[in-house]
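Below, read A as the first sequence line, B as the second, and so on, with proteins coming before strands; counting in each chain starts at 1. Remember, predicted model here, so these are calculated numbers, not experimental data. Scope of the values below: all heavy atoms of this structure, side chains included, with no hydrogens, waters or symmetry mates.
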There are 2 protein chains.
Amino acid sequence: MNGYAPTWRLPITSSDRVLFEIQRAIVEGEIPAGSKISEPELARRFSVSRAPLREALARLERCHLIERTPNAGARVVTLSHEGLISLYQLREELEGLACRLAAEHMPHDEIEEMQALLNRHLETQRVREGESYYQEAGDLDFHYRIILGSKNPYLINILCDELYFLVRMYRVQMGMNGPRVSRAFDEHKAILQAIANRDGELADLLMRRHIGASRRNVEIQLQNTRKEHD
Amino acid sequence: MNGYAPTWRLPITSSDRVLFEIQRAIVEGEIPAGSKISEPELARRFSVSRAPLREALARLERCHLIERTPNAGARVVTLSHEGLISLYQLREELEGLACRLAAEHMPHDEIEEMQALLNRHLETQRVREGESYYQEAGDLDFHYRIILGSKNPYLINILCDELYFLVRMYRVQMGMNGPRVSRAFDEHKAILQAIANRDGELADLLMRRHIGASRRNVEIQLQNTRKEHD
DNA sequence: GACGCCTTGATTGTCGACAATCCAGCACCA
DNA sequence: TGGTGCTGGATTGTCGACAATCAAGGCGTC
């Protein structure tokens, strides 16, 4: 299970299974960024034929985890500073929109469920301070639910199915946990409150700030590492 | 040829060829919206095996022209009012961002080329008044170039590769030419001028207005047809 | 010694056939 | 008569093998 696919189709085929495995392997760096993908090798590794494997590769390309060129094969994407910034730019815009739409369309019970969820996150976060994995899971879950609350199928597809694996990959492999752990919860709470008040404009603004803060945080982090390398 | 793929990979395989043909057929309604896709039938029709056909289907799903469910096959998407509105919401946001980025990153020569292009469009539009196909082509071309000018690869991919076939499908099959033909050129000119002045904020605003006007135009058009049906 | 061509090996793209699954229609039963 | 389970046909998912294409290394030539 990838753990975050919002609404996954059933039943699950071999191609799905292989897709999940490779997604996880790439996101966690088990298959290194930039490395070449060998179809026969992966087919053997997962004990399937090349047909379902290629189906899985097609979907990996869709979520930007690999890049394919005809007759030349596939490579795992190489992470770059520019790529990360481009990703953040998109997320600011799209998740801002998601907030505005969620304020309009998200049903009451989903909002209440999120508030309960946020309280639970706050507790567990106080207990196990710094356990970044759970913190990351909670953060992604929060963003996921808002996106789903927008009820815009194209927006949901782009963010949850196509972009978020890349987001996770950058987080894991570039070690993004930073000093924003505690502030994020307050920001989440404010965003959710705006949605509960059906104030789409404010929710939009707060989400853009929330992601924008992450982006600027990342930018200075990248500048520092760049200076270290000089 | 789809005619608008921004940067198409070479060489072209059978799967690419089939993809182009089916894309065109679906966009132009030759394969009706909502109809079921038969893999053996299409394979015969295009004289290829099912392997490249399925590859093409996977990519058709990626640009939202078909929907697949495991073990049940694929259907051409059904157009709906809600879907069209969702699409416009996304475009407002994404193309607004594209404008802001284009104002920052688009090189001078590309801007000059667009200005020349716009003048040419204005002339041909005056000559052959109402030839909606060329007008549509010109409009799409304008939007394409701005998107490419943003230099954000994810944004480019989403808009040019995944969303614009749907936009074209809605335009063709719902007959969107409306009374906005002449105003669109002035709006295009203003947007381009803002980009040339490196005023990203203004370009963003103008583009949102430009697409928002289309959306509202479509909304009242849809309300009218809905009333007629009552 | 450097450049270009050809051969060779491996990889990808495509094919036809088989296995697993689903859907429509019918018989059967309460 | 309405609902339920089964069966046959068709469709999809998967497989192994072949053909087309590309990349690397050796050879010959300038």
Exercise for review: Begin from the C-alpha positions of R59(A) and S15(A) and carry the test side-chain hydrogen bond (donor to acceptor under 3.5 Å, both in side chains) through to its verdict.
Suggested key: CA-CA 10 Å; R59(A) 290 201 260 163; S15(A) 137; 2.9 Å; yes

Review point. Angle class for the H143(B)/H188(B) ring planes (parallel below 30°, perpendicular above 60°, tilted otherwise)?
Key: perpendicular

Study note, to complete from the structure: Rounded to whole Å, CD1 of I12(B) lies from C1' of dA20(D) at a distance of 16 Å

Study note, to complete from the structure: The nucleotide from dG13(C), dT11(C), dG13(D) with an atom nearest the side chain of T13(A) is dG13(D)

Exercise for review: Starting at atom CG of L53(A), determine the distance to atom P of dG13(C), rounded to an integer number of angstrom.
Suggested key: 12 Å

Revision key, fill the gap. Rounded to whole Å, CG of D16(B) lies from P of dA20(D) at a distance of 18 Å

Review point. For K36(B) and dA10(D), what is the distance between atoms NZ and C1' respectively, to the nearest whole Å?
Key: 10 Å

Check your understanding: So which nucleotide from dT11(C), dC22(C), dT14(D) ends up closest to the side chain of S14(A)?
Key -> dT14(D)

Review point. Nearest nucleotide by nearest heavy atom, which residue falls closer to the 5' end of DNA chain D, N71(A) or S49(A)?
Key: S49(A)

Check your understanding: Where the side chain of P52(A) is concerned, which of dG16(C), dC15(D), dG13(D) is the nearest nucleotide?
Key -> dC15(D)

Point to revise | R50(B) CZ to dT14(C) C1', straight-line distance once rounded to whole Å | key: 13 Å

Check your understanding: Can any side-chain N or O of Y154(B) pair as donor or acceptor with the backbone N or O of S86(A) at less than 3.5 Å?
Key -> no

